[in-house]
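Heads up: the structure comes next, in structure tokens.
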Amino acid sequence: MKILIVGNGARESAIAMKLKSDNRITKMYFAKGNASTDSLGQNVYDDSVEGLRDFAIKERIDLTIVGPEAPLVDGIVDEFKKHNLKIFGPRKRTAELEGSKAFSKKFMQTHNIKTANAVVFDAYQEAIDYVRSQEFPLVIKASGLAGGKGVVIADDLEEAEATIHRFMIERVFGDAGIQLVIEEYLRGFETSIIAFSNGEKLFPCIPVKDYKKAGSGDTGPNTGGMGSVAPSPEFTAEHQRDFEENILKPTLEGLQAYNIRFKGFIFFGLMVTANGTYLLEYNMRLGDPETQVIMALMENNLFDVIMDCLEGNEIDLKFSDKKAVCLVMCSGGYPRQIETGFEIRNTEKVHQSQVLFAGAKMRGDRIYTSGGRVLSLVATGDSYEEASKKVYEDARVIHYDYEYYREDIGKF
């Protein structure tokens, strides 16, 4: 079997590491890949929908797995299916649940899914007038794709007005910010749950705690994720029941009402408050860095699970009872101004964790930084403390200029 994995983050590295021991898989290709995938298969540098379609036809790819959101929103699944290419992910219409926060919020409201109160705005002045009449904090979201950075918690009117101006007038995220969702601020803790879909049912994985803020102690700007732990230590059986009854079940009913029967992943971004579990957002793919800890604990054969979903079969997900911790090492200044091109040294001295490269590229036999999130270190243990100790000891071994990471991942 030949596998094509689309994406270049640590998420894709984690998927590849999970698949690499399956002797049915003879070759893996990655678009565009990174330093980890370079050693696990072959990186492909045309990652356009048309380019990947042509590559899959030429190389007779048996299965394509899509990591990031942009190709899904651009319709890669629709295009592959036109040519009878097997691909795991939702069609363009379904991917709008992630690609448009306005559409997603309407879907939640229509199908009585437990979520924060929100209003959608297409006009700058109407958004400004609205926030001037509200209490703070407020959550302001760019409706389109913004690389995980299009959400701001505005603590006061000045910050709210500045954010609206940046999104709608300055267009810091291009067209992604010309429509906004402004919603009430929910106080609590966040949890991520990712589920597999076989077209008829949703099969959730273990809950994950994701650290989104750049700084230790949850300070600084939002990022794509600075680390994760699984299972989420705060998410109780009661929270799980609330999620299944008030979010998972009505989501499935809503998908069926829209005649959406996709085969892929769906990500539930949750906020757990004193009043229960609320849905913040959908992603229509695996999360990063959630995937890293899920793959570390999943006992199933990933290829079998995906194939069963594609064939519409029931699946029985099994996870280790150990704890997993993922620490993301970044370029200094992330998620804002960063410099890249620095050699990453001593990864061969890491012995307790799995090194999953993301923003890192091979040049000859050396590895250099090429992005904001450089690599993930993933370890498991009988306790969060044990797993966390492993990743931090290994992080102190690795060196590159302007390296940065949080000091509190998995430490409770």
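Computed from a prediction, not measured in an experiment: that's the story for all the values here. Hydrogens, waters and symmetry mates are skipped; everything else that's a heavy atom, side chains included, is used.
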Which residues satisfy the side chain to side chain donor-acceptor pair (under 3.5 Å) test with Glu184, sequence neighbours excluded?
Asn117
Minimum side-chain heavy-atom gap Met295-Leu302 below 4.5 Å:
yes
side-chain hydrogen bond (donor to acceptor under 3.5 Å, both in side chains) contacts in which one or both residues fall within residues 350-362, not counting sequence neighbours
Gln352-Glu393, Ser353-Asp394
What is the minimum heavy-atom distance between Ile338 and Gly332, and which atoms define it?
CG2-O, 3.6 Å
If we ignore hydrogens and angles and just use 3.5 Å, is the side chain of Lys27 paired with the main-chain N or O of Lys2 as donor and acceptor?
no
Walk me through whether Arg171 and Asp175 qualify under salt bridge (charged side-chain N to carboxylate O under 4.0 Å, His left out).
CA-CA 7 Å; Arg171 303 278 184 98; Asp175 289 346; 3.5 Å; yes
Could I get the full list of side-chain contact (heavy atoms from CB on, under 4.5 Å) partners for Val120, not counting sequence neighbours?
Ala102, Gln179, Val181
Side-chain (Tyr334) to main-chain (Ala214) donor-acceptor, under 3.5 angstrom
no
List for me each residue that meets salt bridge (Lys or Arg N to Asp or Glu O under 4.0 Å) alongside Lys114, sequence neighbours excluded, and say none if there are none.
Asp242
Given the rule in the side-chain contact (heavy atoms from CB on, under 4.5 Å) test, do Asn222 and Lys213 qualify, once you have shown the distances and angles that lead to the verdict?
CA-CA 5 Å; Asn222 275 342; Lys213 295 286 190 177; 3.6 Å; yes
Could you give me the CA-CA distance, side-chain angles and deciding distance for Lys322 and Asp382, then say whether salt bridge (charged side-chain N to carboxylate O under 4.0 Å, His left out) is met?
CA-CA 5 Å; Lys322 289 185 177 294; Asp382 292 327; 2.7 Å; yes
Please list all pairs meeting ring-ring contact (aromatic ring centres under 6.0 Å, His included) that have one or both residues in residues 32-64, counting only residues at least two apart or in different chains.
Tyr29-Phe55
Any pair with a residue in residues 8-17 that passes side-chain hydrogen bond (donor to acceptor under 3.5 Å, both in side chains), sequence neighbours left out, goes on the list, sorted by first then second residue, please.
Ser13-Asn34
Is the ring pair Phe412/Tyr384 parallel, tilted or perpendicular, if the boundaries are 30 and 60 degrees?
perpendicular
Are the charged groups of Lys82 and Glu79 less than 4.0 angstrom apart, N to O?
yes
With sequence neighbours left out, which residue pairs that include part of residues 62-95 fulfil the ring-ring contact (aromatic ring centres under 6.0 Å, His included) condition?
Phe88-Phe265
Flag the pair Ile266 / Met284 as yes when at least one side-chain heavy-atom distance between them is below 4.5 Å, and no otherwise.
yes
Among Leu375, Val355, Ile344, Val374, which one satisfies side chain to side chain contact (heavy atoms under 4.5 Å, CB included) with Ile367?
Ile344
Where do Ile409 and Tyr211 come nearest, in terms of heavy atoms and distance?
CD1-CG, 3.4 Å
I need the Asp54 CG to Ser48 OG distance, nearest 0.5 Å.
8.0 Å
Donor-acceptor contact present, side-chain Thr273 to main-chain Gly188, <3.5 Å
no
Can you list every ring-ring contact (aromatic ring centres under 6.0 Å, His included) pair that touches residues 226-262, not counting sequence neighbours?
Phe107-Tyr258, His111-Tyr258, Phe189-His239, Phe235-His239, Phe243-Phe268
Short question: side chain of Thr110, backbone of Lys106 - any donor-acceptor pair under 3.5 Å?
yes
Check Leu186, Ile113, Asn246 against Tyr278 for a side chain to side chain contact (heavy atoms under 4.5 Å, CB included) and give me the one that passes.
Leu186
Can any side-chain N or O of Thr369 pair as donor or acceptor with the backbone N or O of Phe342 at less than 3.5 Å?
yes
For Leu63, run the side chain to side chain contact (heavy atoms under 4.5 Å, CB included) check against Ile87, Leu310, Leu4 and tell me which one passes.
Leu310
So, Asn283 side chain and Phe267 main chain: donor-acceptor pair closer than 3.5 Å or not?
no
Here the gap from Asp122 atom CG to Ile178 atom CD1, rounded to the nearest 0.5 Å, amounts to 8.0 Å
If I take atom OG from residue Ser143 and atom CD from residue Glu96, how far apart are they, to the nearest 0.5 angstrom?
8.5 Å
Carboxylate-amine/guanidinium proximity below 4.0 Å for Glu385 and Lys389:
no
Heavy-atom side-chain proximity of Arg373 to Pro289 below 4.5 angstrom
yes
What are the two closest non-hydrogen atoms of Asp155 and Pro137, and how far apart are they?
OD1-CB, 3.8 Å
Pairs meeting criterion side-chain hydrogen bond (donor to acceptor under 3.5 Å, both in side chains) with involvement of residues 398-412, two or more places apart
Asp218-Arg406, Arg406-Asp408
Does Glu244 pair with Lys249 as a salt bridge, N-O distance under 4.0 Å?
no
First locate atom NZ of Lys263, then atom CE of Met307, and finally report the distance between them rounded to the nearest 0.5 Å.
10.5 Å
Does Ile247 offer a backbone N or O that forms a donor-acceptor pair with the side chain of Thr251 under 3.5 Å?
yes
Less than 4.5 Å apart, any side-chain heavy atom of Ile65 and any of Leu286?
no
Is there side-chain contact between Leu180 and Ile140, with at least one heavy-atom pair below 4.5 Å?
yes
Sorted by chain and number, sequence neighbours left out, side chain to side chain donor-acceptor pair (under 3.5 Å) with Glu50 holds for none
N/O donor-acceptor pair under 3.5 Å between Ser370 side chain and Ala360 backbone
yes
Is the shortest heavy-atom distance from the side chain of Leu97 to the side chain of Phe103 under 4.5 Å?
yes
What distance do Ile25 atom CD1 and Ile3 atom CD1 have between them, rounded to the nearest 0.5 Å?
4.5 Å
Sequence-distant partners of Glu234, salt bridge (Lys or Arg N to Asp or Glu O under 4.0 Å), two or more places apart:
Lys209
Yes or no on salt bridge (charged side-chain N to carboxylate O under 4.0 Å, His left out) for Glu183 and Lys105, after CA distance, side-chain angles and deciding distance?
CA-CA 10 Å; Glu183 64 183 32; Lys105 181 60 71 170; 3.0 Å; yes
Quick check for you: to the nearest 0.5 Å, what is the distance between Glu170 atom CD and Ile164 atom CD1?
12.5 Å
Is the shortest side-chain heavy-atom distance between Thr37 and Phe357 below 4.5 Å?
no
Knowing that exactly one of Ile193, Thr191, Thr277 qualifies, which makes a side chain to side chain contact (heavy atoms under 4.5 Å, CB included) with Gln240?
Ile193
4.5 Å side-chain heavy-atom contact, Leu72 and Pro90:
yes
I'd like to check the side-chain contact (heavy atoms from CB on, under 4.5 Å) partners of Asn300; sequence neighbours left out, ordered by chain and number.
Met298, Val305, Leu317, Lys318
